[in-house]
Protein chains: 2
Amino acid sequence: MVQVLNRGSSRVQRRSEARRTEILRAASRVFRRRGLAAAGMREIAEEADVSPGILYYYFSGKDEILLFCQERTLEHMLAAIEAARAVPASSAERLRGVLQAHVHAMLDELEGATAHLEVEALPEALRAPVMEKRDRYERAVRALVADGIKRGEFAKADAALVTRAMLGAVNWSARWFRPDGPQTSAAVAQSLSDYLVKGLLK
Amino acid sequence: MVQVLNRGSSRVQRRSEARRTEILRAASRVFRRRGLAAAGMREIAEEADVSPGILYYYFSGKDEILLFCQERTLEHMLAAIEAARAVPASSAERLRGVLQAHVHAMLDELEGATAHLEVEALPEALRAPVMEKRDRYERAVRALVADGIKRGEFAKADAALVTRAMLGAVNWSARWFRPDGPQTSAAVAQSLSDYLVKGLLK
DNA sequence: CTACAATTTGAACCATGGTTCAAGTTTTGA
DNA sequence: TCAAAACTTGAACCATGGTTCAAATTGTAG
C-alpha cells in the first residue's frame, strides 16, 4: 500500500519520513546527473541503496517523485523571496539576495535540484500545483524588479522580459557548473547576481 | 539501404536532399513542441506526412536526426559570429548582433531549433562533433566579451561567467516565448540583447 | 515498353524501463 | 514471546517507442 504523506512525530513516522526524503535526494542527484528523461527508477533505487520495488511503497510512481522534487525546490526558492521581502534594503540588494539563493538552490548538493526546469515532463494532471508555484515565484521576482524601477532605483525596462532573462541565466548555471571546478557555487552566485542586477541600474 | 549525404545536383539528388531537410524541419517542430525525449518517431513521421519507416531510409535513426538538427542550428549561429566579426563596429554592437541572431535561431519558425540545448541526449559516440561546435561558439562569444573589456569599452568582469549568463538568458527564451504572444521574436531579441549588454558597460 | 533502381509503406519485432506482486524480513505493541 | 503490521525484495509483467523488413509503388534509363 502506498504511504500517505505524514508529518507526525512518532518514531516510525519520523523514520518513514526520513526514508522518503532520502529517496528524493537520491532522485535529485540522478536527475541532475543524467537528466530527467534518462533517469531510470532502477538507477534511482541504486543511488538510494534500496530495491526498485520500494520506490512504489513510498511513492505512487516516478511522476510523484518528480513532483515532490520540483515542489521542494520551488518552496525553497519561495522562502528566499519571503526572506528578501522581510529585510529592509534597496531593491538591488534584495534582488541580488534572491538570485543568489536561486543559484544555491540550483547548484548545492544538499538541496540542489534541477528538476523544476522541466515541468513538461509531468503528466497534465500533476502539472497544475507546480506551475502555480513557479508562476508565483516568477511574479514575485518581477515585482521586485518593477518595484526598483518605480522607485527610480533601476532604469526603465520591460520588467517581465528582464525577469525571464535573469531566471534563464541563473537556471542555466546548472548546465555548466562543476562542483570540482575552479569556483565555488557561492562565488558563482555572487558574480552572476552582480552582473544581472548591474544591467538594471541607471 | 541508408542514404549517404549528397549535395550533388542531379534531379533525384535534389529531390532527395529536399526530402531530408523536410524531415529535419518536421523533427525540429516536434522537438520544440514536445521536448526532445517526448518526441516519438511516429509523431515526427506524421508531422512530416510520411510513414515511420521512411525515416530510416533517410537517416540511420533518431540519434542522427537529432545530430543533424543540432549541427544545423549551431552552424547557423557560428555564421552569425563570423558576420559580426566582419563588420567594423564597437564590441557592444557586435555582441548585440550576435545575441539577436541567437534569439532568432531559437525562436523563428524557419530555422528555429532548440535541440542543441540537450547535447546529453546524444549517445557518447555522436556527441563529439556537436560539443566541438558548441564550445567553439561559446569561445567566440567569450572572445567578443573579453575583447570589449580589453578595449576598455566594458567594465572589468569574469568573461567566461558573463558569457554563460548571456547564453543562458538567451537559450531560456525558447521556454517562455509564444509566437502568438504580445511581442515578436525581433522585439524580444532587441530588448534581451540590450539588457544583457548593458550589464557589461562601464 | 520493360527491367532495374529508388522510394515508400505499415505491420511486426524487440529492448528499454516503469510498474506490480507474492513472498520474505524486520519492527512494533501487548 | 508472539502475532500483526510495517517494510523490503527481486523477479516478472507489460506498455511504450525505436527499429527492421518484406512487399508494394514510383521513377528512371535503355
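Labels below follow one simple rule: chain letters A, B, ... track the order of the sequence lines, proteins then strands, and each chain is numbered from 1.
With C/dG10, D/dC7, C/dG17 as the candidates, the nucleotide lying closest to the side chain of A/R42 is C/dG17. The side chain of A/M41 approaches C/dT19 more closely than any other nucleotide in the set D/dG17, C/dG10, C/dT19. Listed nucleotides D/dT8, C/dG10, D/dT19 differ in distance to B/S51; the shortest reach to its side chain belongs to C/dG10. Comparing C/dT7, D/dG17, C/dT19 against the side chain of B/S16 picks out C/dT7 as the nearest. Minimum atom distance to the side chain of B/Y57 is reached by C/dT8, of the listed D/dT19, D/dA12, C/dT8. Between D/dT19, C/dG18, D/dT9, one nucleotide has an atom nearer to the side chain of A/I54 than all others, and that is D/dT9. Relative to the side chain of A/Y56, the nucleotides D/dG18, D/dT8, C/dT20 differ in distance, and C/dT20 lies closest.
The distance between atom CD1 of B/I23 and atom C1' of C/dT9, rounded to the nearest whole Å, is 13 Å. When rounded to the nearest whole Å, the span between CD of A/E17 and C1' of D/dA6 equals 16 Å. Between A/F59 atom CZ and D/dT8 atom P there is a gap of 12 Å when expressed in whole angstrom units. Regarding B/E64, its CD atom lies at a distance of 14 Å from the C1' atom of D/dT19, rounded to whole Å. Spacing between atom CD1 of A/I65 and atom C1' of C/dT19 amounts to 12 Å, rounded to whole angstrom units. Rounded to whole Å, atom C1' of D/dT8 lies 17 Å from atom CD of A/E46. Rounding to whole angstrom units, CD of residue A/E22 and C1' of D/dT8 are separated by 13 Å. Rounded to whole Å, the distance from OH on B/Y58 to P on D/dT19 is 18 Å.
Within 4.0 Å of A/A38, counting heavy atoms only, lies no atom of the nucleic acid at all. Residue-level contact check: B/R19 touches the backbone only, with heavy atoms under 4.0 Å from sugar-phosphate atoms and none from bases. At a threshold of 4.0 angstrom between heavy atoms, the contacts of B/G40 are confined to the sugar-phosphate backbone, with no base atom among them. Residue contacts for B/G61: at a heavy-atom cut-off of 4.0 Å it reaches the sugar-phosphate backbone alone, with no base atom in range.
Using a cut-off of 4.0 Å between Lys/Arg side-chain N and Asp/Glu carboxylate O, A/E138 and A/R164 are scored as salt-bridged. Taking a cutoff of 4.0 Å between a charged side-chain nitrogen and a carboxylate oxygen, A/E93 and A/R96 do not qualify as a salt bridge.
Using modelled atom types, no side-chain atom of B/S173 and backbone atom of B/A169 make a donor-acceptor pair closer than 3.5 Å.
In terms of position along DNA chain C, the nucleotide closest to B/V50 lies nearer the 5' end than the nucleotide closest to the other residue of the pair A/G53 and B/V50.
The closest side-chain donor-acceptor pair between A/D108 and A/S185 falls under 3.5 angstrom.
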### Message
Determine whether B/D194 and B/Q190 satisfy the following criterion, side chain to side chain contact (heavy atoms under 4.5 Å, CB included), listing intermediate values before the conclusion.
### Response
CA-CA 6 Å; B/D194 279 349; B/Q190 178 84 52; 3.5 Å; yes
